[in-house]
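Computed from a predicted model, the values in this text were never measured in an experiment.
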Amino acid sequence: MQVLQAGAHKLIYLELQPEMVTNIARQAGFEIRAKDGQRVMQLDLNIPHRQAPLLLFDAADPANLGWFSRCQFYVDGRSGLVMQTPITLANKRDRGGRAQRNSVRIAISKELPATFRLPGKQPLTEQVFYHILVNFLDALTKTGVAVCGNGVVQPLAGRTETVGSRN
């Protein structure tokens, strides 16, 4: 981890190891394609032989209350940000524009404000991030991740169909 100064702004720069991130995803059962950029690491995650969809569900639906009560991670449906983490999540879509049930794309921001803190005011380091990534990927496959609000991220599990207009 480095601290960068850009004018009046201080940034934390995470020095993530692509091999470590790839190994974590593979151990969680995902096939992975990683693209490591200067500011962002992008991961295409897929579990091709999984019968059930990834556990990304609509937090507002009362039918999903059981998952909501035990989930650890919440995604802002409008922006895709995984709240209180440097991770952004997006659906992967097939040629018809439908969200693929066993695939997602995540982006990991390497540059964060120096004031960025995790829940409990814990500072973010590479080792702490790897632990968060393990827990997040585990949540996608076992306990569930809640999508809060409508927008660009579409739920994949639970009761995802809507009745009538969503206006």
Side-chain angles (χ1 to χ4, degrees), residues 1-7 9-50 53-57 59 71-95 97-149 151-157:
M1 180 175 86
Q2 295 180 20
V3 177
L4 304 173
Q5 184 83 27
H9 303 285
K10 275 189 174 180
L11 299 172
I12 297 171
Y13 183 76
L14 294 175
E15 299 174 296
L16 301 176
Q17 299 173 0
E19 303 82 27
M20 182 73 123
V21 172
T22 300
N23 287 338
I24 289 169
R26 285 193 180 125
Q27 288 174 4
F30 287 92
E31 289 180 356
I32 181 172
R33 269 194 352 224
K35 181 180 175 186
D36 189 19
Q38 186 174 356
R39 294 182 176 180
V40 175
M41 182 180 293
Q42 184 175 318
L43 310 175
D44 287 340
L45 302 170
N46 182 26
I47 300 181
H49 303 296
R50 182 179 166 100
L54 293 175
L55 299 179
L56 188 61
F57 64 91
C71 76
Q72 221 177 333
F73 294 95
Y74 303 89
V75 176
D76 179 358
R78 294 185 193 273
S79 65
L81 290 173
V82 180
M83 296 177 193
Q84 297 183 314
T85 71
I87 299 172
T88 305
L89 182 130
N91 296 105
K92 289 190 65 181
R93 303 207 177 263
D94 63 15
R95 290 180 187 232
R98 292 182 306 270
Q100 295 177 1
R101 297 172 49 129
N102 294 332
S103 299
V104 291
R105 175 173 289 154
I106 65 173
I108 303 163
S109 180
K110 294 182 185 181
E111 292 182 345
L112 301 165
T115 57
F116 182 86
R117 295 287 183 265
L118 297 169
K121 300 191 182 207
Q122 178 181 12
L124 184 65
T125 64
E126 288 85 359
Q127 293 304 316
V128 171
F129 174 76
Y130 295 140
H131 183 69
I132 289 170
L133 184 61
V134 167
N135 289 336
F136 180 70
L137 296 178
D138 190 49
L140 278 173
T141 59
K142 295 179 183 150
T143 58
V145 174
V147 177
C148 301
V152 297
V153 178
Q154 180 181 347
L156 301 175

Please examine the side chains of [Y] and [X], heavy atoms only from C-beta on, and report whether any two atoms are closer than 4.5 Å.
{"X": "P123", "Y": "R117", "value": "yes"}
{"X": "L156", "Y": "F57", "value": "no"}
{"X": "L16", "Y": "I108", "value": "yes"}
{"X": "M1", "Y": "E126", "value": "yes"}
{"X": "I106", "Y": "F136", "value": "yes"}
{"X": "T115", "Y": "K10", "value": "no"}
{"X": "T85", "Y": "I132", "value": "yes"}
{"X": "T143", "Y": "F73", "value": "no"}

Item to check | L89 and L56: CA distance, side-chain angles, deciding distance, side-chain contact (heavy atoms from CB on, under 4.5 Å) verdict | outcome: CA-CA 10 Å; L89 182 130; L56 188 61; 3.7 Å; yes
Ignoring hydrogens and geometry, is there a side-chain-to-backbone donor-acceptor pair from [X] to [Y] under 3.5 Å?
{"X": "R50", "Y": "R101", "value": "no"}
{"X": "N23", "Y": "E19", "value": "yes"}
{"X": "N91", "Y": "A99", "value": "no"}

Minimum-distance pair of heavy atoms, taken over all atoms of [X] and [Y]:
{"X": "L124", "Y": "P86", "value": "CD2-CG, 3.8 Å"}
{"X": "Q17", "Y": "Y130", "value": "N-OH, 2.9 Å"}
{"X": "A25", "Y": "I32", "value": "CB-CD1, 3.6 Å"}
{"X": "N102", "Y": "P53", "value": "OD1-CA, 3.6 Å"}
{"X": "A34", "Y": "T22", "value": "CB-OG1, 4.3 Å"}
{"X": "V153", "Y": "V75", "value": "CG2-CG1, 4.2 Å"}

Roughly how far, to the nearest 0.5 Å, is the [atom2] atom of [Y] from the [atom1] atom of [X]?
{"X": "T125", "Y": "H131", "atom1": "OG1", "atom2": "NE2", "answer": "11.0 Å"}
{"X": "L133", "Y": "D138", "atom1": "CG", "atom2": "CG", "answer": "11.0 Å"}
{"X": "Q42", "Y": "T88", "atom1": "CD", "atom2": "OG1", "answer": "10.5 Å"}
{"X": "M83", "Y": "Y74", "atom1": "CE", "atom2": "OH", "answer": "9.5 Å"}
{"X": "Q84", "Y": "L118", "atom1": "CD", "atom2": "CG", "answer": "8.0 Å"}
{"X": "R98", "Y": "K92", "atom1": "CZ", "atom2": "NZ", "answer": "15.5 Å"}

Checklist entry - L112 and L11: side-chain contact (heavy atoms from CB on, under 4.5 Å), yes or no, with the steps? => result CA-CA 5 Å; L112 301 165; L11 299 172; over 6 Å; no
Next on the checklist: Let's go through F129 and I87 carefully: what are the C-alpha distance in whole Å and the side-chain angles of both, what is the deciding distance for side-chain contact (heavy atoms from CB on, under 4.5 Å) to 0.1 Å, and is it a yes or a no?
Outcome noted: CA-CA 10 Å; F129 174 76; I87 299 172; 3.9 Å; yes
Checklist entry - Does the side-chain contact (heavy atoms from CB on, under 4.5 Å) test come out yes or no for R105 and L43, once each step is laid out? => result CA-CA 6 Å; R105 175 173 289 154; L43 310 175; over 6 Å; no
Next on the checklist: Under the salt bridge (charged side-chain N to carboxylate O under 4.0 Å, His left out) test against D44, which residue among K35, R33, R93 passes?
Outcome noted: R33
Checklist entry - More than 12 foreign heavy atoms under 6.0 Å from CD of Q38: is that the case here? => result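 Not buried by this count: 12 neighbours or fewer within 6.0 Å.
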Item to check | Lys/Arg-Asp/Glu bridge criterion (N-O < 4.0 Å) met for D36, K110 | outcome: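 Here D36 pairs with K110 in a salt bridge, since their nearest N and O are under 4.0 Å apart.
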